[in-house]
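Notes follow once the structure below has been shown.
The model shown is predicted, which means the values in this text are computed figures rather than measured ones.
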Number of protein chains: 2
Amino acid sequence: MPHETQANPWEKLRSLIATNDGRALADFLDKIGPSETARSISRLEQAEQARLITLLAPAEAAEVIEDVTMAQAVDLIADLSAEDAAAIVGELESDHQADLLGDLSTESAEAILGVMRPEEARDARHLLSYPPDTAGGIMVTEFVAFREGDRVSDALASMQENREVYADYHVQYLYVCDDGDRLKGVLRIRDLLYAPREAPLESLMITNPLTVPATAKLEDLERFFDQHHLLGAPVLDDLGELVGLVLPEDVGEAGRKRSDRQLLDISGIVGGEEFRGMSLGLRSRRRLSWLSINIFLNVIAASVIAYYQDTLAAAIALAVFLPMISDMSGCSGNQAVAVSIRELTLGLVRPEEVLRVLGKEVSLGAINGLVLGAILGGVAWLWKGNIYLALVVGGALLVNTVLAVALGGLLPLVLKTLRFDPALVSGPILTTVTDMAGFFLVLSMATLVLPKLAIG
Amino acid sequence: MPHETQANPWEKLRSLIATNDGRALADFLDKIGPSETARSISRLEQAEQARLITLLAPAEAAEVIEDVTMAQAVDLIADLSAEDAAAIVGELESDHQADLLGDLSTESAEAILGVMRPEEARDARHLLSYPPDTAGGIMVTEFVAFREGDRVSDALASMQENREVYADYHVQYLYVCDDGDRLKGVLRIRDLLYAPREAPLESLMITNPLTVPATAKLEDLERFFDQHHLLGAPVLDDLGELVGLVLPEDVGEAGRKRSDRQLLDISGIVGGEEFRGMSLGLRSRRRLSWLSINIFLNVIAASVIAYYQDTLAAAIALAVFLPMISDMSGCSGNQAVAVSIRELTLGLVRPEEVLRVLGKEVSLGAINGLVLGAILGGVAWLWKGNIYLALVVGGALLVNTVLAVALGGLLPLVLKTLRFDPALVSGPILTTVTDMAGFFLVLSMATLVLPKLAIG
């Protein structure tokens with residue numbers, strides 16, 4: 001049935017795995033391409049995925065690892081023996097190596113590093129020692145460097161000789177270092193085109209080239225490549241030694257991953273990415289870890305309502321408005337959270353600029369609170385014709401909107417200062433506080449004017 | 001006060017603008033770098049921003065435009081005369097040109113295009129004709145192409161002659177085209193290093209090079225550069241003619257922007273990015289446009305509670321649980337929304353795979369619903385000691401969690417099929433439906449067992 005095979009390549013994949021034909025598997029994956037490879041693997045059972053990866057040669061398995069998402073890659077590697085995993089990891093590019101080892105559990109990573117070739121393991125450990133969202137964590141260590149005193153002919157001969165190795169490198173720049181590996185200059189390949197062969201590299205190279213420190217943060221690197229259209233930037237450690245090369249496409253990818261992480265955090269997907277190919281137990285556990293904190297916070301917030309039960313019993317119409325106040329305050333606050341997270345990410349605000357954000361959000365919260373409060377008060381008045389009910393719910397939403405917007409704006413700054421993840425933690429704190437405040441405002445004001453709330 | 005100047009570079013910027021010293025302004029912006037430029041400009045009043053950009057020479061203004069976020073750039077350009085704006089736009093790289101013109105209002109963009117040099121305007125219009133998240137929308141048109149029959153010496157001479165122009169290009173590959181601009185082959189600069197000068201380019205070039213169609217989608221380009229470590233890919237139109245060059249860093253940037261857009265959409269920041277440097281009126285209006293839809297949806301959902309007022313009055317404890325059911329169902333549903341948006345973005349699920357997602361989410365929803373329902377029922381039982389209350393709120397949360405998770409998983413697929421923005425529209429629909437269903441479940445079940453709910 002050719003049509004079905006085309007629609008569901010994972011059925012074909014499944015049957016190839018069942019026949020243990022590694023050669024045919026590799027050819028098939030090559031044919032369907034990386035996008036379909038990732039999708040098809042996500043449809044396989046865990047056991048089939050493990051079979052698949054062991055049936056492939058290490059270099060082919062490494063290609064599959066580079067095709068799929070990091071969460072899938074971790075799954076694929078996790079069940080292998082340390083030896084099998086190390087063979088595959090050894091075939092990955094240095095930055096993929098570091099990413100993958102960094103995402104595995106410490107024990108798995110250590111087991112793999114323990115059986116890798118010593119110099120490879122040393123390089124990988126070195127890369128792992130840099131935080132992920134820094135130049136050191138993003139850089140590749142495949143670069144071509146020459147010594148001071150080398151000539152154009154030396155460089156040409158060396159490049160010709162090593163062309164097989166360098167074919168996998170991103171060789172657009174050649175680096176010239178002194179004997180202590182300190183960077184002295186940079187050459188573009190095209191500078192060699194017109195150079196006499198006997199010229200020393202020093203005479204052609206750009207001295208004082210643009211470099212980035214290994215500690216440079218992702219946002220600094222983004223600005224750097226926005227400003228300078230370079231195909232790579234040399235990375236220096238704190239001794240000024242050349243330790244790697246940051247590529248603009250890797251910076252772009254790291255930025256995308258950070259944004260994706262924020263999207264997942266803000267939606268309560270914690271503990272790493274979730275895909276529907278993962279086991280039900282894992283998906284359920286991870287989502288519950290987040291939900292169970294939220295239900296606990298919800299119970300705390302709702303206790304305010306319980307405290308005012310008598311008021312509520314006397315003016316039952318209020319019960320209609322409580323979920324609305326909770327939801328609308330949450331919406332207003334989450335908008336401010338998103339703006340603060342964006343401004344922090346883009347470097348447009350610094351965590352200590354609390355007063356500026358407060359000023360900006362309080363005035364906005366007042367305007368939006370007035371509008372929303374008037375709408376909700378109007379709805380209450382139209383429904384029950386009671387001006388006190390209208391004033392209580394409208395007034396409570398006004399005040400609570402100012403609070404929600406100000407708190408939403410501030411929380412990411414404060415959490416960032418305290419080294420929490422703003423995208424992950426802002427939401428639950430925000431909604432708990434604004435729920436409690438909103439319920440308290442409605443019900444305490446209602447208690448004050450209770451005799452006037454003579455409504456159904 | 002040197003310390004204050006250092007802490008707040010926008011004060012210095014403000015005073016330089018006041019003195020009308022364009023030269024000193026350009027030097028100062030150059031000194032503080034792109035990151036601080038973006039932050040400082042965000043602190044200026046609209047009138048100061050307009051002054052700033054008119055004080056700079058077009059090339060310097062273009063540099064500022066490339067330093068700041070697109071939302072800021074649009075603000076900076078918006079108030080200029082078409083002539084002044086066109087002078088600046090003419091200095092931007094082709095892809096920045098297209099991005100900026102695409103983000104301006106149609107009238108502004110047309111006015112600027114109308115006064116640009118005709119061939120520049122034609123190129124810009126051509127780029128604008130491609131949807132933003134396609135190869136055509138992402139590509140640059142600065143590339144170097146030679147004709148079939150040209151020799152290595154021709155290429156070297158031409159590159160030497162045009163080195164000033166090419167210095168701004170991303171020249172890593174040279175393209176060889178036939179007389180109809182159809183791509184015949186690709187050469188890397190380094191291939192020229194060892195080639196005899198009289199050799200025809202055809203003898204060195206890679207024939208059948210990897211190319212991408214102008215219609216290729218962003219996710220295809222991401223996979224392409226993940227798989228092939230290329231420094232650029234030639235873009236062909238539907239006639240097979242070479243129309244541009246996609247760079248991996250631009251693909252990375254487009255991917256990051258898409259993720260950022262999703263983050264903002266999901267948080268209810270609509271109509272483009274918001275920064276606190278924007279006017280209060282604009283920020284307030286944009287946020288309210290979103291909130292006012294939500295308050296309307298909230299009123300609809302709350303009408304379910306109003307309908308069951310008598311039940312609520314007879315068992316007031318239920319009022320404590322209504323906001324919790326609403327909030328917890330929203331949390332569960334939003335997790336599923338985020339997973340579906342991620343899977344769609346990564347190509348791990350297709351919009352038509354509704355049944356697969358439904359199956360995966362219903363089983364997960366049942367597990368999580370059981371756990372959360374048991375917790376909430378337990379809380380109710382501990383509080384009031386009434387097993388019927390516990391069964392009503394626990395049972396309602398169980399059923400509503402299954403509904404929320406299933407709906408949250410499906411909505412992004414359905415909305416994508418219907419060509420709505422899943423990140424923007426999923427949330428409000430989800431919470432309205434799950435609020436209504438949750439309130440209905442609690443209150444209708446409570447109505448059935450009302451005599452047993454003899455509680456305070």
For the pair Glu36(B) and Arg350(A), find out whether any cationic side-chain nitrogen is under 4.0 Å from an anionic carboxylate oxygen.
yes
Using a strict threshold of under 4.0 Å (side-chain N to carboxylate O), is an ion pair present between Arg256(B) and Glu219(A)?
no
With a 4.5 Å cut-off on heavy-atom pairs, point out which of [options] contacts chain B the most.
options	answer
Ile367(A), Val405(A), Thr431(A), Leu397(A)	Ile367(A)
Tyr194(A), Tyr308(A), Phe275(A)	Tyr194(A)
Ile341(A), Ile325(A), Leu264(A)	Leu264(A)
Gly427(A), Ser326(A), Ala306(A)	Ala306(A)
Gly252(A), Gly365(A), Ser284(A)	Ser284(A)
His96(A), Glu274(A), Glu66(A), Lys360(A)	Lys360(A)

Is the shortest side-chain heavy-atom distance between [X] and [Y] below 4.5 Å?
X	Y	result
Arg283(B)	Glu361(A)	yes
Glu353(A)	Arg39(B)	yes
Gln72(B)	Leu346(A)	no
Met328(B)	Asn294(A)	yes
Ile266(B)	Leu263(A)	yes
Ile189(A)	Arg188(B)	no
Pro323(A)	Asp435(B)	no
Glu253(A)	Phe225(B)	no

Consider side chain to side chain contact (heavy atoms under 4.5 Å, CB included). Of Ile316(A), Thr311(A), Asp310(A), which one does Ile316(B) pass it with?
Ile316(A)
Largest heavy-atom contact set with chain A, pairs under 4.5 Å, which of [options]:
options	value
Asp220(B), Val251(B), Leu291(B)	Leu291(B)
Lys257(B), Arg258(B), Glu222(B)	Glu222(B)
Arg223(B), Arg356(B), Gln335(B)	Gln335(B)
Ser292(B), Cys331(B), Gly330(B)	Cys331(B)
Val337(B), Val379(B), Leu372(B)	Leu372(B)
Glu63(B), Gln160(B), Arg287(B)	Arg287(B)

List the steps, then state whether side-chain contact (heavy atoms from CB on, under 4.5 Å) holds for Leu322(B) with Leu322(A).
CA-CA 9 Å; Leu322(B) 292 178; Leu322(A) 292 178; over 6 Å; no
Non-hydrogen atoms of chain B under 4.5 Å away: do they reach the side chain of Ser340(A), the backbone, both or neither?
both
Sort Phe439(A) into side chain, backbone, both or neither according to what part of it lies under 4.5 angstrom from a heavy atom of chain B.
side chain
Contact part of [X] toward chain A, heavy-atom cut-off under 4.5 Å: side chain, backbone, both or neither?
X	result
Ala254(B)	neither
Arg342(B)	side chain
Val299(B)	both
Val349(B)	both
Arg285(B)	neither
Ile295(B)	both

Euclidean distance, [Y] [atom2] relative to [X] [atom1], rounded to 0.5 Å:
X	Y	atom1	atom2	result
Asn368(A)	Arg286(B)	CG	CZ	13.5 Å
Leu231(B)	Leu247(A)	CG	CG	8.0 Å
Asp327(B)	Leu297(A)	CG	CG	9.5 Å

Heavy-atom closest contact (Arg276(A) atom, Ala336(B) atom, distance)
NH2-O, 3.4 Å
Nearest heavy-atom pair of Ile305(B) and Ala319(A): which atoms, and what distance?
CD1-O, 4.0 Å
Sequence-distant partners of Thr345(B), side chain to side chain donor-acceptor pair (under 3.5 Å), two or more places apart:
Gln262(B)
For Ser267(A) and Asn334(B), test the side chains for any donor-to-acceptor distance below 3.5 angstrom and give the result as yes or no.
no
Regarding Ser259(A) and Asp260(B), do their side chains bring together a donor and an acceptor under 3.5 Å, going by distance alone?
yes
Got more than 12 heavy atoms from elsewhere within 6.0 Å of CZ, Phe296(A)?
no
Who are the side-chain contact (heavy atoms from CB on, under 4.5 Å) partners of Thr37(A), not counting sequence neighbours?
Leu29(A), Ile32(A), Ile41(A), Val64(A), Asp67(A)
